[in-house]
Amino acid sequence: MTTILVTGGTGTLGRPVVERLAGAGHEVRVLSRSAQPYAVDLRTGGPALDRAVSGVDVIVHCASSPRGGDEQAAVHLVDAARRAGVPHLLYISIVGVDRIPLGYYRTKHAVERVIEDAGLGWTVLRATQFHDLVRTVLAGAARLPVVLLPAGVCDQPVEVTEVADRLAELALAGPAGRVPDMGGPEVRTFEDLGRAYLRAAGRRRPVLGVPLAGRTYRAFREGRHLAPDGAVGRVTFEEFLARERG
């Protein structure tokens, strides 16, 4: 039996990772700011973090916050992992973090570098955006009488439980470095995804692509956040929406 610590283990991705590993008979420790007995704020670290990583075989690092602090949290986690002699640190990142000049992406890329330079066995998996996030963006846009979406931008949403399956597999396979990117089954324009969302929601709205300016928009238009060669996901956006409505 392997002892595995999952950071962010109560989150959108962390929860199904925990379920899969625990279901396979492994000892799983769930770390989050409020989950006992491993309630830890990674941004501050401390003795509670050392207790959480003690005796662990693998750390699956899913904790992340767009509000900031991820790089500092990674430094604290890596330091604690070194002290405990943890042999494998697995991190989930985002496709395009080294190619999209967006603040959150830059932070995720910095975390990758912290992990790669830690002197520990490591694995990094980059995935495309989860279905949940794409739906949230589209639902916000659909509040207006006209759904305004970035013109010429595609996305490749992936099912979060499929990413969880892959992480569980990687956690038990040993350090592998950068593994192939993982993406959803389809690369589609945001306008197309927006229309799919409206159909599933039973709402009528015109969808309009709006050209934007700047390096970040250009990078997204160029598809630097996509993984067409890694389209291993099976669940389509429509299937996700139908399941959520059911």
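Fair warning: this is a prediction, and the values are worked out from it, not measured in the lab.
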Inset, instruction - Begin with the C-alpha distance, continue with both residues' side-chain angles, and end with the deciding distance and a verdict on side chain to side chain contact (heavy atoms under 4.5 Å, CB included) for R195 and E191. - result: CA-CA 6 Å; R195 294 185 186 97; E191 291 107 308; 3.6 Å; yes
Inset, instruction - Calculate, to the nearest 0.5 Å, the distance between atoms CG and OG belonging to L42 and S64 respectively. - result: 11.0 Å
Legend entry - Check: R82 side chain, A118 main-chain N or O, donor-acceptor pair, under 3.5 Å: yes
Inset, instruction - Apply side chain to side chain contact (heavy atoms under 4.5 Å, CB included) to D57 and I4, showing your working. - result: CA-CA 6 Å; D57 300 301; I4 304 167; 5.7 Å; no
Inset, instruction - Classify the angle between the aromatic ring planes of F237 and H131 as parallel (below 30°), tilted (30 to 60°) or perpendicular (above 60°). - result: tilted
Inset, instruction - Find out if a path of hydrophobic residues (ILVMFWY) with successive side-chain heavy-atom gaps under 4.5 Å connects L31 to V56. - result: yes
Inset, instruction - Consider only side-chain heavy atoms of I, L, V, M, F, W and Y, link residues closer than 4.5 Å, and tell whether V124 and L170 are in one cluster. - result: no
Inset, instruction - Could you tell me whether the side chain of P206 reaches within less than 4.5 Å of the side chain of V147, counting heavy atoms only? - result: no
Inset, instruction - Please check if F190 and L212 belong to a single hydrophobic cluster, counting links between Ile, Leu, Val, Met, Phe, Trp and Tyr side chain heavy atoms closer than 4.5 Å. - result: yes
Legend entry - Nearest-0.5 Å distance that lies between atom CZ in R205 and atom CG in L148: 11.5 Å
Inset, instruction - Measure the CG-OH distance between L5 and Y38 for me, rounded to the nearest 0.5 Å. - result: 8.5 Å
Legend entry - Nearest atoms (heavy-atom pairs only) where L89 meets I115: CD2-CG1, 3.8 Å
Inset, instruction - Check for a donor-acceptor pair, side chain of E239 on one end and backbone N or O of T236 on the other, with a separation under 3.5 Å. - result: yes
Inset, instruction - Identify the residue among E222, R224, R218, H109 that makes a side chain to side chain contact (heavy atoms under 4.5 Å, CB included) with I100. - result: R224
Inset, instruction - Following the transitive rule for hydrophobic clusters with a side-chain heavy-atom cut-off under 4.5 Å over Ile, Leu, Val, Met, Phe, Trp and Tyr, establish whether V58 and V53 coincide in one cluster. - result: no
Inset, instruction - May I ask you to say whether R188 pairs ionically with D155, meaning some side-chain N is under 4.0 Å from a carboxylate O? - result: no
Legend entry - L49 vs H76 side-chain heavy atoms within contact, under 4.5 Å: yes
Legend entry - Smallest separation among heavy atoms of P16 and G11, with atom names: CD-O, 4.1 Å
Inset, instruction - Using a strict cut-off of less than 4.0 Å between a Lys/Arg side-chain nitrogen and an Asp/Glu carboxylate oxygen, indicate whether E159 and R234 qualify as a salt bridge. - result: no
Inset, instruction - Check whether any side-chain N or O of T136 sits under 3.5 Å from a backbone N or O of D132 as a donor-acceptor pair, and report yes or no. - result: yes
Inset, instruction - Would you indicate whether R203, at its atom CZ, is surrounded by more than 12 heavy atoms from other residues, nucleotides or ligands within a distance under 6.0 Å? - result: yes
Inset, instruction - Would you indicate whether the side-chain heavy atoms of D79 and R83 approach each other to under 4.5 Å? - result: yes
Inset, instruction - Quick one: closest heavy-atom pair of L193 and L138, and the distance? - result: O-CD1, 3.5 Å
Legend entry - Short N-O contact, E71 and R43, less than 4.0 angstrom: no
Legend entry - Check: P101 main-chain N/O paired with T216 side-chain donor or acceptor under 3.5 Å: yes
Legend entry - Check: T128 side chain, P157 main-chain N or O, donor-acceptor pair, under 3.5 Å: no
Legend entry - Electrostatic pair E244-R135, nearest N-O below 4.0 angstrom: yes
Inset, instruction - Answer whether the closest heavy-atom distance between the side chains of V6 and V30 falls below 4.5 Å. - result: no
Legend entry - T107 and D70: side chain donor to acceptor below 3.5 Å: no
Inset, instruction - Can you see which heavy atom on A39 is nearest to which on S34, and at what distance? - result: CB-C, 4.0 Å
Legend entry - V97 vs R126, side chain to side chain contact (heavy atoms under 4.5 Å, CB included): CA-CA, chis, key distance, verdict: CA-CA 9 Å; V97 291; R126 292 179 180 175; 3.7 Å; yes
Inset, instruction - Check for a donor-acceptor pair, side chain of Q156 on one end and backbone N or O of G184 on the other, with a separation under 3.5 Å. - result: yes
Inset, instruction - Could you go through the side chain to side chain contact (heavy atoms under 4.5 Å, CB included) check for V207 and L149 one step at a time? - result: CA-CA 7 Å; V207 176; L149 297 171; 3.9 Å; yes
Inset, instruction - Please determine which of Y105, F220, Y104 meets the ring-ring contact (aromatic ring centres under 6.0 Å, His included) test together with H225. - result: F220
Legend entry - Salt bridge flag under 4.0 Å for residues E169 and R166: yes
Inset, instruction - Establish whether L241 and L198 are linked, either directly or via other cluster members, by ILVMFWY side-chain heavy-atom contacts under 4.5 Å. - result: yes
Inset, instruction - Report yes if some heavy atom in the side chain of H61 is under 4.5 Å from a heavy atom in the side chain of I92; otherwise report no. - result: no
Legend entry - Taking every non-hydrogen atom, the tightest pair across V95 and A227: CG2-CB, 4.2 Å
Inset, instruction - Using modelled atom types only, decide if a donor and an acceptor are shared between the side chain of T3 and the backbone of E27 within a distance under 3.5 Å. - result: no
Legend entry - CG-SG distance between L90 and C62, expressed to the nearest 0.5 angstrom: 7.5 Å
Legend entry - Pairwise distance OG1(T7) to OH(Y91) - rounded to 0.5 angstrom: 9.0 Å
Legend entry - Any donor-acceptor N/O pair, K108 side chain to G103 backbone, under 3.5 Å: no
Legend entry - Polar side-chain atom of R221 near backbone of Y217 as donor-acceptor pair, under 3.5 Å: no
Inset, instruction - Answer whether the closest heavy-atom distance between the side chains of L172 and H26 falls below 4.5 Å. - result: yes
Legend entry - Minimum-distance pair of heavy atoms, taken over all atoms of G174 and T123: O-OG1, 3.8 Å
Inset, instruction - Enter the distance from D98:CG to R113:CZ here, rounded to the nearest 0.5 Å. - result: 9.5 Å
Inset, instruction - Look at the side chain of H88 and the backbone N and O of G121, then say whether any donor-acceptor pair between them is shorter than 3.5 Å. - result: no
